[in-house]
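We're numbering straight along the sequence, starting at 1. Both ligands and their constituent atoms are indexed starting at 1 by order of listing.
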Amino acid sequence: MGTLTNKRILLGVSGGIAAYKSADTVRRLREMGAEVRVIMTRGAGSFITPLTLQAVSGHPVYQQLLDTDAEAGMGHIELARWGDAVLVAPASANFLARLAQGRADDLLTAVCLATEAPVAVAPAMNRQMWNNAATKANLATLQKNGVRIFGPGEGSQACGEVGPGRMLEPADLAGRTSELFSTGVLDGLHVVLTAGPTWEAIDPVRGLTNRSTGKMGYALAAAAMEAGASVTLVSGPTSLPDPERVRTLRVESAQEMYDAVLAHVSSAEIFIAVAAVADYRPVTRASEKAKKSAERISLELVRNPDILASVAELKPAPYLVGFAAETEQLEQNARRKLEEKKIDLIAANRVGADLGFESDDNSLLLIGRHGVTTLTAQPKTRLARSLIQYIAERYHAERRDQNSRQAHRR
Ligand code: PMT
């Protein structure tokens with residue numbers, strides 16, 4: 001079972017007796033780390049109150065499509081963009097029919113149509129309704145359209161009958177929702193990443209650093225883990241918690257980051273350098289706090305080792321991804337770093353007020369031998385999943401090319 005840390009889940013509740021379990025579903029999703037917002041259909045309100053779901057989710061419950069107040073706040077398109085996944089549980093026979101037809105006559109169906117995120121449904125209905133040919137045809141359509149079907153289970157039903165059609169239990173639904181993010185594209189691979197800033201000490205209390213928070217690198221570490229990799233994250237000083245199931249090594253200076261990376265990267269197939277590493281450090285570090293003295297002082301600096309360029313010199317080198325933070329001439333500057341550091345791919349981001357550093361959102365220009373691709377502005381957590389997918393495709397394509405070249409030579 002995966003995790004739902006940093007995931008935004010939209011829980012749709014349609015009208016059926018199993019809606020009484022929705023409060024528990026919200027709780028289970030949140031226990032796994034998700035932020036949850038609930039959308040109820042009109043029918044759902046007959047089985048559970050919005051107030052209950054508001055209390056357990058910590059957010060107002062969304063019910064109306066054509067409500068000016070709601071649309072002025074988070075309307076159906078914003079909701080559709082907000083969710084990393086949509087889970088409809090319970091999904092009644094009527095809801096499945098409307099979704100299969102592509103209708104958008106209430107908020108929940110409209111959001112399901114408008115989202116780019118994966119949509120999963122947990123059917124819950126009487127066994128005859130489940131076995132009905134119309135329901136079967138609707139499910140086949142939904143599956144063809146990429147909707148995941150969770151369950152249903154078998155057993156005694158609220159109507160007194162026994163058979164298929166019971167909604168899966170909330171804990172099971174939360175587990176399956178987490179698996180929506182487990183792509184497996186990096187199964188069996190070791191990924192090493194750097195993240196955050198470095199701290200170059202001047203004396204015991206002062207140092208040189210930068211505005212990197214580590215958010216981009218930590219999101220990539222989590223996305224690589226979800227994609228099936230074993231992940232080692234070498235992090236400079238940040239206030240972020242260690243990502244789950246990621247071996248996180250905390251370091252301070254560029255030299256310590258270099259040592260930690262070189263100690264672990266030989267077993268890695270992919271190295272991703274996200275850290276904003278200080279290019280220079282003070283030549284000396286005072287052992288006591290320096291006292292204020294002259295009007296003007298100078299600090300002598302010396303170059304730090306280039307971690308990415310050093311890893312690129314290893315034989316064999318892993319697949320190498322660098323980052324470039326630029327305030328101007330994004331593509332030209334990033335391309336120059338790609339060539340100078342002899343790496344496979346560079347992810348360039350514009351930095352400045354509210355961009356790149358510190359912000360929760362980012363956009364990237366990916367430049368490699370095969371061309372240029374843009375990942376548009378979005379939360380770093382989501383951007384990280386797209387970038388990991390992209391890196392996995394490029395890594396596998398290049399390994400295939402290498403293998404066929406070797407086979408050709410033999
Ligand atoms: O941490 P956040 O607040 O989320 O911000 C994310 C970010 C803006 C820091 C990140 O997206 C980013 O752009 N990181 C690279 C920052 C940078 O300044 O790169 P650079 O141009 O100095 O270095 C180019 C590449 O070489 C980078 O991959 C860097 O990690 C690597 N490098 C640089 C110097 C050095 N001594 N060793 C290195 O490995």
Side-chain angles (χ1 to χ4, degrees), residues 6 192-200 208-223 233-240 243 251-262 264-265 268 270-281 301-314 317-368 375 377-384 386-387 391:
N6 291 330
V192 174
L193 301 101
T194 63
T198 59
W199 171 266
E200 310 299 328
L208 301 176
T209 189
N210 59 64
R211 292 167 56 198
S212 169
T213 56
K215 285 178 193 169
M216 191 68 244
Y218 279 54
L220 277 162
L233 172 65
V234 182
S235 170
T238 74
S239 57
L240 302 176
V251 298
E252 208 170 79
S253 65
Q255 184 63 51
E256 286 170 12
M257 188 173 271
Y258 172 90
D259 293 340
V261 167
L262 271 285
H264 291 89
V265 81
I270 299 174
F271 175 57
I272 311 176
V274 196
V277 186
D279 290 321
Y280 295 90
R281 66 177 182 276
L301 302 177
V302 59
R303 275 287 282 271
N304 272 324
D306 191 311
I307 303 166
L308 183 54
S310 307
V311 175
E313 278 165 19
L314 296 178
Y319 183 81
L320 294 160
V321 183
F323 267 69
E326 307 294 342
T327 53
E328 44 146 19
Q329 297 190 314
L330 186 67
E331 186 167 346
Q332 292 94 312
N333 286 334
R335 208 173 269 287
R336 186 175 42 76
K337 286 178 186 170
L338 176 84
E339 280 151 20
E340 277 173 10
K341 299 197 185 215
K342 300 189 179 68
I343 59 178
D344 298 289
L345 180 71
I346 195 144
N349 42 188
R350 211 171 273 290
V351 291
D354 254 2
L355 274 178
F357 287 101
E358 293 175 317
S359 146
D360 285 337
D361 291 1
N362 201 10
S363 62
L364 293 171
L365 189 68
L366 308 180
I367 306 167
L375 298 180
Q378 53 194 301
K380 285 177 178 171
T381 47
R382 196 177 294 174
L383 188 70
S386 304
L387 179 53
I391 291 171

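Asn6 contributes atom CG, which lies 9.5 Å from atom CG of Asp360 (distance to the nearest 0.5 angstrom). The distance from atom OG1 of Thr209 to atom CD of Glu252, rounded to the nearest 0.5 Å, is 9.5 Å.
If you look at Pro305 next to ligand 1, the close heavy atoms, those under 4.0 Å, all belong to the backbone. At a heavy-atom distance under 4.0 Å, no atom of Asn210 approaches ligand 1. Contacts between Met216 and ligand 1 below 4.0 angstrom, taking non-hydrogen atoms only, involve backbone and side chain alike.
Not counting sequence neighbours, Lys380 has no partner by the salt bridge (charged side-chain N to carboxylate O under 4.0 Å, His left out) test.
Annotation: Thr213 places an N or O atom under 3.5 Å from an N or O atom of ligand 1; distance criterion only. For ligand 1, the polar-atom distance check against Val277 finds no nitrogen or oxygen pair separated by under 3.5 Å.
Taking atom 13 (O) of ligand 1 as the reference point, the nearest protein heavy-atom neighbour is Asn349 ND2, 2.9 Å. Regarding atom 37 (N) of ligand 1, its nearest protein heavy-atom neighbour is Ile307 N, 3.1 Å. Shortest contact from atom 16 (C) of ligand 1 to any protein heavy atom: Ala325 CB, 3.7 Å. Taking atom 39 (O) of ligand 1 as the reference point, the nearest protein heavy-atom neighbour is Leu308 N, 2.9 Å. Scanning the protein for heavy atoms near atom 30 (O) of ligand 1, the closest one is Ala275 O, 2.6 Å. For atom 14 (N) of ligand 1, the nearest protein heavy atom (residue, atom name, distance) is Val274 O, 2.8 Å. Protein heavy atom nearest atom 20 (P) of ligand 1, with residue, atom name and distance: Lys337 NZ, 3.8 Å. Distance from atom 28 (O) of ligand 1 to its nearest protein heavy atom, with residue and atom name: Ala273 O, 2.6 Å.
The closest donor-acceptor contact from the side chain of Asn304 to the backbone of Ala278 lies under 3.5 Å. The backbone N or O of Leu364 sits nowhere less than 3.5 Å from a side-chain atom of Asn349 that would complete a donor-acceptor pair. Panel note: side chain Asn362, backbone Leu383; no donor-acceptor pair is recorded below 3.5 Å.
In the candidate list Lys380, Gln255, Arg211, Lys341, Lys341 is nearest to atom 31 (C) of ligand 1, counting heavy atoms. Of the options Phe323, Phe357, Phe271, the smallest heavy-atom separation from atom 19 (O) of ligand 1 is shown by Phe323.
Heavy-atom minimum distance, Ala254 versus Val277: CB-CG1, 3.5 Å. For Lys215 against Leu240, the heavy-atom pair with the smallest separation is N-CD1, 3.7 Å. Across Ala312 and Ala317, no two heavy atoms sit closer than the pair O-CB, 3.9 Å. A pairwise comparison of heavy atoms in Gly217 and Leu233 identifies O-CD1, 4.4 Å as the closest pair. Closest heavy-atom contact between Ala221 and Pro243: CB-CG, 4.4 Å.
For atom 22 (O) of ligand 1, the nearest protein heavy atom is 4.0 Å or more away.
Contact annotation: Gly196 has no heavy atom less than 4.0 Å from any atom of ligand 1. Within the 4.0 Å heavy-atom cutoff, Gly217 does not count among the residues contacting ligand 1.
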Item to check | side-chain contact (heavy atoms from CB on, under 4.5 Å) assessment of Ile307 paired with Met257 | outcome: CA-CA 8 Å; Ile307 303 166; Met257 188 173 271; 3.6 Å; yes
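The ligand atoms of ligand 1 that sit less than 4.0 angstrom from a heavy atom of Gly322 are 28 (O). Short contacts between ligand 1 and Asp279, defined as distances under 4.0 Å to a heavy atom of the residue, involve ligand atoms 34 (C). Atoms of ligand 1 found under 4.0 Å from any heavy atom of Glu358, numbered from 1 in the order shown, are 3 (O). For ligand 1 and Ser212, the ligand atoms under 4.0 Å from any heavy atom of the residue are 1 (O), 2 (P), 3 (O), 9 (C).
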Can you give each donor-acceptor pair under 3.5 Å made by side-chain atoms of residues 321-328, sequence neighbours left out, with the distance rounded to 0.1 Å?
unit_1, atom_1, unit_2, atom_2, d
Glu326, OE1, Asn333, ND2, 3.4
Glu326, OE2, Lys337, NZ, 2.6

